[in-house]
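Heavy-atom basis, side chains included; hydrogens, waters and symmetry copies ignored.
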Amino acid sequence: MFDINEIMKQAQQTKEQALDAVKETMEKNEERINEIEVPGSEKSASISASKVEEQISANTQRQVEILGQMFGPDSMAQTAVNEERLQEMVNDKVAKAASSAAGDLLEHLFGEDMGVLAAALETLEMEDADDEEELSFSLELEENLYSTLEETMARLESMPEPEAVPYQKDDVKWEHFGILLSGILSTLNSHHLDRMDVEEHIPVMEQKIVSLVRRSWGIDGRSDLLDRIRDLARDGYILRYQLYSEASSPEELMDETMDEEDRESVSRAWRFSRRYKSQYAPGFMAGWDVGRAAMLTRWGCYLGWITESEAVGILWELSRKVVEELHSWREFAQSYLFGGLMWKLLCGDSSAGSYLGYLADAATDLLTGKKEQNNGQWRDCPWPAKRKIGFLP
């Protein structure tokens, strides 16, 4: 059995060469791509959408050439495939943006990230794909989000699922089960779910995942990764939900360093926790914590920050935790939605309704999807029956 704390002791050892190579490549990539000129907003205002598309295409070609020089001849063939895919995406987005002012076209195409890595592949961050107009939070909006959550969770509860079955302690099914704990995020990102590696080892994809983990999680290597996984496995939102639901007022959770926005976020999360405290115990948050920890484990293994044997051990520990708290894939999915809404309330993200929809769609594919569409993985891997697991020797 693997101990996450024991693995942490190795965090100060020599950084793995693969990580150093990826970091160096990313830095060079950013420097060289930033040298490419992009039409500014004032200049773009006087040209047509077709001219902007032409400029984007020219810059795209130059960016691909730079990547080819950096990665070498062997990687150039793979990059060429991405170039074709990128052009298709540019054409599609330009068509959708035809009615936009030319000055806003570049922002419509790529948002804040003008790098080729963000444009060459489908986004790995679900939130970035949400184009809904931001709404200001209100008590009415909160109530609507509660209704959306409850309706979506009820829909998941009605879905068919195989009965839980006993797993022996040394059953090979545990490894597959651990991988499937990352199922929701993996499905949203079109990752593999039949192996530990989330994607094929293509340089562009490796850099994209490095960027994602750094930007969204603040993780910059092995030590940060293991710290975050340990925090999710030990405390996470289970502890946060417990603290919020036990507080008699949101002020108990605030301190003098918080600004008005932070105080509003705390108040929203407190109202959420108090609303559901009698219905859901803190342990119900296990799916939200474990699902994200499992995804981080697989991303870390893919990037070479932890070994595959370490990843297997971590997923085993996460499996133990989640099976102690939850009893089915349906409940796991409900937990993920539940934690996801609390997170969105804390973040002040009023697009939480769409976010819940994305999560529910992914869970539905995992529970009821068709094999020819490469989904239905939860349906084909029954949940471990708790009473016969035999975790203790």
Asker: I'd like to check Tyr302 versus Ile209 (side-chain heavy atoms, cut-off strictly below 4.5 Å). Are they in contact?
Answerer: yes

Asker: Which heavy atom in Ala269 sits nearest to a heavy atom in Tyr244, and how many Å separate them?
Answerer: CB-CE2, 3.4 Å

Asker: Answer yes or no: is there a donor N or O on one side and an acceptor on the other, between the side chain of Thr152 and the main chain of Thr148, under 3.5 Å?
Answerer: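 Side chain of Thr152 to backbone of Thr148, a donor-acceptor pair under 3.5 Å: yes, one is there.
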
Asker: How close do Arg268 and Leu345 get, counting heavy atoms only, and between which atoms?
Answerer: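 Looking at all heavy atoms of both residues, the closest pair is NE-O, 2.9 Å.
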
Asker: Quick one: does Arg195's side chain get under 4.5 Å of Ile179's, heavy atoms only?
Answerer: no

Asker: Per the side-chain contact (heavy atoms from CB on, under 4.5 Å) rule, which among Leu232, Val290, Asp289 passes with Leu318?
Answerer: Val290

Asker: Can a donor-acceptor pair be found, under 3.5 Å and without considering hydrogens, that links the side chain of Asp171 to the backbone of Lys173?
Answerer: yes

Asker: With distance as the sole test, does Ser265 use its side chain to make a donor-acceptor pair with the main-chain N or O of Glu261 at under 3.5 Å?
Answerer: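 Yes; judged by distance alone, with no hydrogens or angles, the pair exists.
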
Asker: Using only atom types and a distance under 3.5 Å, with no angle test, would you say the side chain of Arg263 pairs donor to acceptor with the backbone of Glu251?
Answerer: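 No.
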
Asker: Taking Arg274 for the side chain and Ser245 for the main chain, is one N or O donor matched with an acceptor at less than 3.5 Å?
Answerer: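 Between the backbone of Ser245 and the side chain of Arg274 there is a qualifying donor-acceptor contact (under 3.5 Å).
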
Asker: Using every non-hydrogen atom in the two residues, find where Arg298 and Leu193 come nearest and quote the distance to one decimal.
Answerer: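 Heavy atoms of Arg298 and Leu193 come nearest at NH1-CD2, 3.7 Å.
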
Asker: Show the numbers, then the answer: is there a side chain to side chain donor-acceptor pair (under 3.5 Å) between His192 and Glu200?
Answerer: CA-CA 9 Å; His192 298 306; Glu200 302 302 324; 3.2 Å; yes

Asker: Is there a donor in the side chain of Glu206 and an acceptor in the side chain of His201, or the other way round, less than 3.5 Å apart?
Answerer: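 Judged by distance alone, the side chains do pair up.
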
Asker: What residues, two or more places apart in sequence or in another chain, satisfy side chain to side chain donor-acceptor pair (under 3.5 Å) together with Glu157?
Answerer: Gln334

Asker: Where the side chain of Arg379 meets the backbone of Leu366, is there a donor-acceptor pair that is under 3.5 Å apart?
Answerer: no

Asker: Under 3.5 Å, is there a donor on one side chain and an acceptor on the other for Glu150 and Tyr276?
Answerer: yes

Asker: Against the six-membered ring of Tyr237, is Arg240 placed for a cation-pi contact (under 6.0 Å from the centre, within 45° of the normal)?
Answerer: yes

Asker: Return the set of residues passing side chain to side chain contact (heavy atoms under 4.5 Å, CB included) with Ser138 (not counting sequence neighbours), or none when no residue passes.
Answerer: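 In terms of side chain to side chain contact (heavy atoms under 4.5 Å, CB included), with neighbours along the sequence ignored, Ser138 is linked to Glu140, Leu141.
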
Asker: Test side chain to side chain donor-acceptor pair (under 3.5 Å) on Ser182 and Ser186 and set out the steps.
Answerer: CA-CA 6 Å; Ser182 72; Ser186 292; 3.0 Å; yes

Asker: Can we call the ring centroids of Trp288 and Tyr336 under 6.0 Å apart?
Answerer: yes

